[in-house]
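For reference, the structure is listed below as structure tokens.
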Amino acid sequence: MSEARKDDTILDVKNLQTVFFTNSGLFRAVDDVSFTVRRGETLAIVGESGCGKSVTALSVMRLVPDPPGRVVGGSVTLEGTDLLSLDEAEMRDIRGNRISMIFQEPMTSLNPVMRIGDQITEVLRLHQEMTAKEAWAKAVEMLRLVRIPEPDRRAHEYPHQLSGGMRQRAMIAMALACRPALLIADEPTTALDVTIQAQILALIVDLQKKLGTGLILITHDLGVVAQTAQRVIVMYAGKKVEEATVEDLFENPKHPYTRGLMASMPAVISFGAKTDARLNEIPGMVPSLTNLPPGCAFAPRCRLAVDRCRAEYPPLQEVDGDHFAACWRATELVGVP
Amino acid sequence: MSDQRPLLEVTDLVKHYAVRGGVLRRRVGTVHAVDGVSFSVGKGETLGLVGESGCGKSTVARAVLRLVEPSSGAIKLNGTDITGLSKAEMRPHRRSMQIVFQDPFASLNPRMTAGDIVGEPLAVHGLATGRAQQERVAELFAQVGLRADQMKNYPHQFSGGQRQRICIARALSLGPSLIVCDEPVSALDVSIQAQVINLLIDLQRKNDFSYLFIAHDLAVVAHISHRVAVMYLGRIVEIADKSELFANPRHPYTQALLASVPVADPKAKRLAPMVDGDVPSPINPPSGCAFHTRCRYVMDRCKVERPALVEAGEGHQVACWLNDGTGRPE
Ligand SMILES: Nc1ncnc2c1ncn2[C@@H]1O[C@H](COP(=O)(O)OP(=O)(O)OP(=O)(O)O)[C@@H](O)[C@H]1O
Ligand SMILES: Nc1ncnc2c1ncn2[C@@H]1O[C@H](COP(=O)(O)OP(=O)(O)OP(=O)(O)O)[C@@H](O)[C@H]1O
Ligand code: SF4
Ligand code: SF4
Ligand SMILES: [Mg+2]
Ligand SMILES: [Mg+2]
């Protein structure tokens, strides 16, 4: 890691391990995952349902439900502070202040019986010295910043009086009110219509640039990744299987799973494609974490699997400058799938 | 593709729901769920229906299958108007139309085995029982890529993609001529979506039935459809052959919709929303062109007069006042 990069690193996650204790035994929802986020940078985390994206985010926020879950290894360093060593009171000072998180469903963060303006005011006064009046003014300013029309009037409304897109904006306003160093957005637009998604993504990216916030964007949509991120990590069955800059990832994906995902997407740009063209499918299904095969977890679905893959887990290795993949055959794979 | 008469012809379909309020449950408004929709689907053809949440796609699907009664309009299947038919008269037509829903878990009875679920329509219609039914079900399982030994398993023992295969097998069991797919892959992971889309394409090639294919994911619709209809607030605003629609969209809403899809190419960064604001409520929708509250080309006329869906090119219909009612070339 170069010095320059180290300097503006705001989040440094190293060898994170989060497990769940369930009836069917212990499983590793996040297994040895490392990444960094720099000031003003967007890191996308992609992967299919259950691969550990949300648990990674919740681990950083120290919000993994315990029981049944627990962070059992690694470190999470935010602006020089090791979050895993903080007690809950200290952590509460950080959440909503230095790191904020937004979710797919805005009502997970909004209080249905409180006016929007009061909710933002409350967050501000919890973390900053402000009079009620100052905080209310700041709340209205935040609503204007996220382009809610008539912010003065809207601040007096309750969440149910807002449309889905507006609620998402209000949640973003609340998350950014204290100017956090890091914003984690977990599928922020998955439930929204595509025209509204475009508005919200443009808003998030724009505000992030303006405020210099680091952003972790969790999504399963490679289109969203391509349009927003600078760097990407791909997860499969709890592990990071690939990491690259967004350009490298799309031009030269190195992990067969990433390549499979890209090839299985109906291409939006080639709208003229022949109708009965079959898509390249990834055979089989996503494995259950309680029952992972030995060796590479992707081996049962991988067309390139060899004996070694089934016996030994491939370590994450730098296959190209700043491009990492966990695959025994990554260096053989070149170009767009 | 269609040659002679279309398999399905929908004309001026309207479905309104009353909104009631107050203690007396008086009618206080009307949801214009579907507001005058016309289209046809040819034999062996796939018509994609796209549009944002609440625009009326599922209501169209349910009305076509007579799962909801339309407020007005005609639905012809193979030339027969089925809108006024009694339950008994509907029976033979029921066989020809099947539906596959978005949530494969909700649409499967958890206490029935997968084999019984797929075989049930055969039994209900008295087409096969006992051994013959078992054999037919095994055949259907093979067609959708499930193993015969999985017939005795229950829905919870299958993954999401496999459950959707069960739903598809059940839809196939009566040899339908039309399968309505209402968001059939929206709940599935990307890698599994591709499997189900391929299956649907393969089955159509083999059996030559038609699909009315509903999805909000434009890429999925673009991939599987021959023709595509775009809906906005209960109306079809544009309809054309797939390649024509995506290469030369003429309705400002279609253009905005296409421009909003995030392209999986970092070099084509274009996060520029083409429309502001939210979709208005279908209760008392905007007058004139329902898109006028968000359209950047809006003219006075758009606010008062509703544009009809008219021919703007070969097989290309659009409902927009621009350029004498032929929409806006991009
Ligand atoms: N509270 C919990 N108790 C038990 N298991 C859990 C809990 N939360 C998550 N898991 C499990 O941890 C694994 C990772 O889940 P996670 O929510 O991180 O997936 P994800 O990648 O965010 O998926 P999605 O795209 O569906 O949101 C899954 O197998 C999930 O079932
Ligand atoms: N039974 C009902 N009573 C009242 N309103 C209804 C009823 N069913 C549907 N609606 C309304 O009709 C409109 C169209 O709904 P519909 O389910 O057809 O939309 P859709 O395009 O399928 O949306 P989605 O993409 O969210 O599935 C919506 O505003 C919906 O709230
Ligand atoms: S390690 Fe082997 S099985 Fe795993 S992705 Fe690479 S080639 Fe496929
Ligand atoms: S009719 Fe008018 S408001 Fe409607 S899409 Fe065309 S230009 Fe826009
Ligand atoms: Mg998640
Ligand atoms: Mg629907």
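Here is the naming used below: chain letters follow the sequence lines, and residue numbers restart at 1 for every chain.
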Check whether [X] gets within reach of chain B through its side chain, its backbone, both or neither, counting any heavy atom under 4.5 Å.
| X | result |
| --- | --- |
| A:Met262 | neither |
| A:Arg301 | side chain |
| A:Glu48 | both |
| A:Ala229 | backbone |

State, yes or no, whether a side-chain contact exists between [X] and [Y] at a heavy-atom distance under 4.5 Å.
| X | Y | result |
| --- | --- | --- |
| A:Gln104 | A:Asp186 | no |
| B:Ile179 | B:Ser210 | no |
| A:Gln197 | B:Pro262 | yes |

Regarding [X] and [Y], does a basic nitrogen lie under 4.0 Å from an acidic carboxylate oxygen?
| X | Y | value |
| --- | --- | --- |
| A:Arg231 | A:Glu243 | yes |
| A:Glu251 | B:Lys267 | yes |
| A:Asp206 | A:Lys210 | yes |

For B:Leu257, which atoms come within 4.5 Å of any heavy atom of chain A: side chain, backbone, both, or neither? both
Which bit of B:Glu244 is near chain A, if near means a heavy-atom gap under 4.5 Å: side chain, backbone, both or neither? neither
Based on non-hydrogen pairs under 4.5 Å, which of [options] is most in contact with chain A?
| options | value |
| --- | --- |
| B:Asp189, B:Asp276, B:Ile192 | B:Asp189 |
| B:Ala259, B:Gly160, B:Gly277, B:Gly54 | B:Gly277 |
| B:Ser159, B:Ser281, B:Ala268, B:Gly51 | B:Ala268 |

Tell me which one of A:Leu215, A:Leu217, A:Thr189 satisfies side-chain contact (heavy atoms from CB on, under 4.5 Å) with A:Thr228. A:Leu217
Tell me which of these, A:Leu222, A:Leu201, A:Thr195, has more heavy-atom pairs under 4.5 Å with chain B than the rest. A:Thr195
Looking at chain B, which one of A:Pro149, A:Gly164, A:Gly284 has the largest number of heavy-atom pairs inside 4.5 Å, strictly under? A:Gly284
Checking side chain to side chain donor-acceptor pair (under 3.5 Å) between B:His316 and each of B:Glu238, B:Arg250, B:Arg227, which is the one that passes? B:Glu238
